[in-house]
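As structure tokens, the structure follows; a few thoughts come after it.
We count residues from 1, following the sequence as given.
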Amino acid sequence: MHSKNNEKFIEQPNLGPTLEFLGSAFETLGLLIGTIGEGISLQEMLEEEHSEKKIMSDQKSQLSQIEKKLDCIIKELKSL
């Protein structure tokens, strides 16, 4: 009877290494997801910065056009 018990014990899987492997796999997956999240955040920050610069450029352009129109109006008023 001892030999049957020993055979059953030998046939049972060793859960320690299996759980260690699963833990490592989940940890790696978590790190991968975190890295992807950080990349997305960085991309969003860069897009926001680009958008702000475009808005500033558009505002400068509009201001320049307004100044030119005002200069033209002032010249016309002086000529009158």
Sidechain-backbone polar pair: Ser64 side chain, Lys60 backbone, donor-acceptor under 3.5 Å: no
Close side-chain approach of Thr18 to Asn14, heavy-atom, < 4.5 Å: no
Side-chain donor/acceptor of Ser41 to backbone N/O of Gly37, under 3.5 Å: yes
Rounded distance (nearest 0.5 Å) linking atom CG of Leu77 with atom CG of Leu70: 10.5 Å
Main-chain N/O of Ser24 paired to Thr28 side chain as donor or acceptor, under 3.5 Å: yes
Atom pair CD/OG of Gln62 and Ser57 - distance to nearest 0.5 Å: 10.0 Å
Distance, nearest 0.5 Å, that separates CG of Leu31 from CD1 of Ile36: 11.0 Å
Point-to-point distance, once rounded to the nearest 0.5 Å, from NZ of Lys68 to CD1 of Ile73: 14.5 Å
Single-linkage hydrophobic cluster, 4.5 Å side-chain cutoff, Phe21 and Leu29 together: no
Gap separating the CD1 atom of Ile66 from the CD atom of Gln59, nearest 0.5 angstrom: 10.5 Å
Spatial distance of atom CD (Glu67) from atom CD1 (Ile74) [nearest 0.5 Å]: 10.5 Å
salt_bridge(Lys54, Asp58) N-O dist < 4.0 Å: yes
